[in-house]
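Letters go in sequence order (proteins before strands), and every chain restarts at 1.
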Amino acid sequence: MSETLNRESLLEAYRTMRTIREFEERVHNDFATGEIPGFVHLYAGEEASATGVCMHLTGDDYIASTHRGHGHCIAKGVDPVGMMAEIWGKATGTCKGKGGSMHIADLAVGMLGANGIVGGGGPLICGTTLAAKIRGDRTVGVCFFGDGASNQGTIFEAMNLATVWNLPAIFVAENNGYAETTSSTWSVACDNIADRASAFGMPGVIVDGFDFFAVHEAAGEAIRRARDGGGPTLIEMKLSRYYGHFEGDQQTYRADGEVQKLRETKDCLLQFRKRVTANGEITGEQLDAIDAEVGALIDGSVAKAKADPKPSAADLMTDVYVSY
Amino acid sequence: MHLAHPVRQAMHRNRELPAVPSAAPSEFVVGIVANPASGRDIRRLTAKASVFPTAEKANMIQRLLGPLGQLGVDRVLMMPDATGISAGVIRAVRTHHAQKLPPWPRLDFVDMALEDGAEDSATAARAMAAAGARLIVVLGGDGTHRVVAGAVPEMPLATLSTGTNNVFPDLREATVTGLAVGVFATGRVAPERALKRNKCLYVQVGGRRELALVDVCVTRMAHVGARAVWAGDTITELFVAFAEPDAIGLSSIAAMVAPVGRDEPCGAYVRCAGDGRSVWAPIAPGLVSRVGVAEAGRMQPAVNYVVTTRRGSIALDGEREIELLDGDGAEVRLSLDGPWTLDVGATLGEAVRCGALGGDAVRPPDL
């Protein structure tokens, strides 16, 4: 049975989800000014998934992320101030301003990197979890991927290897309904990504990705199983993103009012607040205080990112090769 | 045979049958609710439950359509879905027509907006009742049947299990269920011969009232979370409408200490305790769990049984639905007036006795 969520855990969960939301809403607004270089793919709406999974992980566990990776980074413990600077292309960024949104990585906290290669995270997690198995420790690896990546050979190969080698890997398919602009009902041949698990000899479950509590329980069971030597699991999170595939996407492929309805009825933060305040575990004032703290944090991160220096020309030649 | 059971006969005599038109209506309509989410919850991970494939649900519906068409059902009204069941059935209908096989009923879909939740089954069931369906075939687990029964309490249901814990619905070949549905829906067998009334449980928590068909389980788990209950040591109280020793799921706990038949006019309760008498019970597929029992006894109908657990959650037919707060004052009541279900064996037995399946009246299904 998954661990019980105490008051501190609930506050931590809310703070993480709120930080992701605030971070993404701010990037959404600032990107429209044209000051942020490159592309950004926002995670707003999917916060419960990254948060509910990563709360079970330690600093020694690894995750592999996607092009939509800000939420995974924050949930795994990457400093949002450094992330904001990275997105603004500043020398103080997590990757010294050289990676940008799609390549934020911080190995110190077990974040293998956002990844511009769709489905690129599966083999990476097979690598870290094979290492864990050889070392004989109890660390695990989580591969986040989307419904588009669910059709990629790399993901199939990774799931196959994970079972063949009985790796402590968890595959989290964040099915937000669209691979770029193509509905998953058109592009995914089976009806649920989780149904593919049986073909790879692992359990597959479907979870409401808007519901933090459902995610937290399911992920807790899968991660416990992996730590105990039970092997890999596939979890399909049914959720949605609030913004386009990338910022600037006109989203003509979505129904009118689709996102607004989700925000009003299924939003993970809304649900969470309603439930924990209704049962008296947390007060609305406590959550409001977190909102204010997170708002100040993100305000500060943006101000700092704007003020910080860009990498110099000399930085072009550093961090190009790594010695092992 | 179910109808020979004295209690069942008494139950039939004492309670009014649903208002199914006996005269030939303008068309015979049957509804089908197939839950796309059934058979996919966390028990695939925490137990050894298997995935019930979407394709198989679509196949089961095709196996229903054959006998329904053969027996003269005019129209089937089906719940739409976005996961492939409807799409699979539509493809099959086109292929069937192209091959000029014996006709299936006309297939229509309920015009409804999908919410991707249990409310879809309820919405569809209400629309089917409004459209004059004489019966609804439900493909799902205990939870799906609970939702449909709650939405259309007097509508006869034909039950087919496609869920994880299969206590309420029949584990039966869909073709045979289709035959029984056909003879009932076309009036060949009367309701008093075809239908049986089930027990049910009502849970009252504050102003909220919920239905359960098999069991109400109170757990220490504070949140609804992933819904299923898979750890015996979290269970504090259990109330069952029936508990048979060969059942899978939470009702099996009661079956080990206070078994109650499906047709008996009572239920049972169990209060659990870590230091109580231990029983082993198959609470999920592949999962036999040890549960401590402090007290067990019979539930009488129309008596309120107080939930003594102060904080936790309440699972209805195996799925946590209600978060229990301090001072909610939850109560559980057994009712003998639960949903009507089609007794497939009794219906087909009566059909044979009255010749409804012989001679020139119908041809054998050619699927």
Problem - Least distance between heavy atoms, B:Ala47 atom then B:Leu287 atom - result: CB-CB, 4.1 Å
Problem - B:Asp111 atom CG: more than 12 heavy-atom contacts under 6.0 Å - result: no
Handout entry: Salt-bridge contact A:Arg18-A:Asp291 (side-chain N to carboxylate O under 4.0 Å)
Key =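 A:Asp291 and A:Arg18: salt-bridged.
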Exercise for the section: Run the salt-bridge test on A:Lys261 and A:Asp256 with the 4.0 Å N-O cut-off and return the result as yes or no. Expected result: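 Salt bridge: no.
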With a 4.5 angstrom heavy-atom cut-off, which part of [X] approaches chain B: side chain, backbone, both or neither?
{"X": "A:Thr233", "value": "side chain"}
{"X": "A:Ala194", "value": "neither"}
{"X": "A:Ala197", "value": "neither"}
{"X": "A:Asn279", "value": "both"}
{"X": "A:Glu281", "value": "both"}

Practice task
Would you please say whether a donor-acceptor pair under 3.5 Å links the side chains of A:Ser150 and A:Asp147?
Solution key: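 There is no such pair (donor and acceptor under 3.5 Å, judged by atom type) between the side chains of A:Ser150 and A:Asp147.
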Practice task
Specify which of B:Leu324, B:Ile42, B:Thr46, B:Asp116 makes the most heavy-atom pairs with chain A at under 4.5 Å.
Solution key: B:Ile42
Exercise for the section: Please look at B:Arg311 and chain A and tell me whether the side chain, the backbone, both or neither of the residue comes under 4.5 angstrom of a heavy atom of that chain. Expected result: side chain
Exercise for the section: If the plane angle is over 60° it's perpendicular, under 30° parallel, otherwise tilted; pick one for A:Phe145 and A:Phe171. Expected result: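 Taking A:Phe171 first and then A:Phe145, their aromatic rings stand perpendicular (interplane angle over 60°).
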